[in-house]
Amino acid sequence: MSDLKTRPQDTSVADYIDGIADPRRQREARQLVALLSDASGEPPVMWGKDIVGFGSYHYRYASGREGDWMLTGFSPRKTKLSIYLMDGVERHADELAKMGPYTNGETCLYVKRLDGVDEDVLSDVVRASVAYVREHLDTPRVTGL
């Protein structure tokens with residue numbers, strides 16, 4: 001079984017954000033660091049080369065595959081911000097309808113501009129997502145194997 005390439009790194013989140021070429025994306029990344037840190041209660045950590053993650057949880061599939069993943073995170077892509085809700089976007093559909101424009105994948109919110117969304121709603125959604133993951137998806141690690 002291969003190791004995940006996207007895992008916590010020792011690289012600096014501040015240096016990563018400083019290296020973002022677009023000043024608006026850079027500003028939005030700083031806003032998201034503050035928002036997701038507050039909502040998750042966790043400090044930002046680089047996951048791979050371009051994802052800023054917060055906290056972690058342990059998962060184990062029925063197949064036996066297991067690993068660790070971030071509780072929440074974001075990536076400031078060129079055309080949109082990707083914000084990760086590990087319990088799935090659909091679970092938060094009613095609340096997200098109040099947030100402002102976005103598109104989504106299964107666990108990703110895609111936002112073109114952060115100033116176009118209600119940050120209080122986004123914060124509440126992230127907070128609820130993190131709480132759900134901690135309660136329902138975090139699997140205790142097996143020791144002594």
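Any value given below was found using the heavy atoms of this structure, including those in side chains, with hydrogens, waters and symmetry copies removed. Quick caveat, the model's predicted, so the values are computed rather than measured. If you read the sequence from its start, that first residue is 1, and numbering goes on from there.
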Exercise. Under the 3.5 angstrom rule, does the side chain of R25 hit a backbone N or O of I17 as a donor-acceptor pair?
Worked result: no

For this session: Might you work through the side-chain contact (heavy atoms from CB on, under 4.5 Å) test for R24 and L114, ending with a clear yes or no?
Result: CA-CA 9 Å; R24 179 174 51 90; L114 196 56; over 6 Å; no

Exercise. Taking the side chain as C-beta and beyond, is there a heavy-atom pair between K112 and T103 under 4.5 Å?
Worked result: no

For this session: Might you point out which heavy atoms bring P76 and L81 nearest each other, and give the distance in Å?
Result: CA-CD2, 3.8 Å

For this session: Start with the C-alpha distance between Y16 and D50, add both sets of side-chain angles, then the distance that settles side-chain contact (heavy atoms from CB on, under 4.5 Å), and finish with yes or no.
Result: CA-CA 8 Å; Y16 168 70; D50 60 2; 3.5 Å; yes

Seminar exercise, completed: Here the pair of heavy atoms bringing R113 nearest to E28 is CA-OE2, 3.5 Å

Problem set entry | Note: E42-R134 ion pair, threshold 4.0 Å (strictly below) | yes

For this session: Measure the NZ-CG distance between K98 and D120 for me, rounded to the nearest 0.5 Å.
Result: 12.0 Å

Problem set entry | ILVMFWY network linking V13 to I83, side-chain heavy atoms under 4.5 angstrom | yes

For this session: Begin with the C-alpha distance, continue with both residues' side-chain angles, and end with the deciding distance and a verdict on side-chain contact (heavy atoms from CB on, under 4.5 Å) for T139 and E66.
Result: CA-CA 9 Å; T139 303; E66 61 184 288; over 6 Å; no

Exercise. Ignoring hydrogens and geometry, is there a side-chain-to-backbone donor-acceptor pair from T72 to Y84 under 3.5 Å?
Worked result: yes

Exercise. With hydrophobic residues grouped by side-chain heavy-atom distances under 4.5 Å, do Y59 and M86 end up in a single group?
Worked result: yes

Exercise. Which pair of heavy atoms, one from A29 and one from F74, lies closest together, and at what distance?
Worked result: O-CZ, 3.5 Å

Problem set entry | Side-chain ion pair, R27 and D22, N-O less than 4.0 Å | no

Exercise. What distance do C108 atom SG and Y102 atom OH have between them, rounded to the nearest 0.5 Å?
Worked result: 13.0 Å

Exercise. Can you name the closest pair of heavy atoms from P44 and V33 and give their distance?
Worked result: CG-CG1, 3.9 Å

Exercise. Closest heavy-atom contact between V133 and D87?
Worked result: CG2-N, 3.9 Å

Exercise. Out of curiosity, L122 CG to L85 CG, how far, rounded to the nearest 0.5 Å?
Worked result: 7.5 Å

Problem set entry | Exercise: identify the closest heavy-atom pair between M70 and Y57 | O-CE2, 3.3 Å

Exercise. Does any non-hydrogen side-chain atom of L32 lie less than 4.5 Å from one of V52?
Worked result: no

For this session: Nearest 0.5 Å please: distance from the CG atom of D118 over to the CE atom of M99.
Result: 9.0 Å

Exercise. Is a donor on one side and an acceptor on the other found under 3.5 Å between the side chain of Q26 and the backbone of D18?
Worked result: yes

For this session: Could you tell me whether the side chain of V111 reaches within less than 4.5 Å of the side chain of K80, counting heavy atoms only?
Result: no

For this session: Determine, step by step, whether V45 and Q9 satisfy the side-chain contact (heavy atoms from CB on, under 4.5 Å) criterion, reporting the C-alpha distance in whole Å, the side-chain angles of both residues, the deciding distance to 0.1 Å, and the verdict.
Result: CA-CA 7 Å; V45 173; Q9 306 294 311; over 6 Å; no

For this session: Output yes when a side-chain donor or acceptor of S12 lies under 3.5 Å from a complementary backbone atom of A14, and no otherwise.
Result: yes

Exercise. Looking at OG of S129 and CG of L109, how far apart are the two atoms once the value is rounded to the nearest 0.5 Å?
Worked result: 9.0 Å

Problem set entry | Separation between CZ of R7 and CH2 of W69, rounded to the nearest 0.5 Å | 11.0 Å

Exercise. Is atom CD of E90 surrounded by more than 12 heavy atoms (other residues, nucleotides or ligands) closer than 6.0 Å?
Worked result: no

Exercise. In terms of hydrophobic clusters joined by side-chain contacts under 4.5 Å, are Y132 and V121 together?
Worked result: yes

Exercise. H92 versus D124: any side-chain heavy-atom pair under 4.5 Å?
Worked result: no

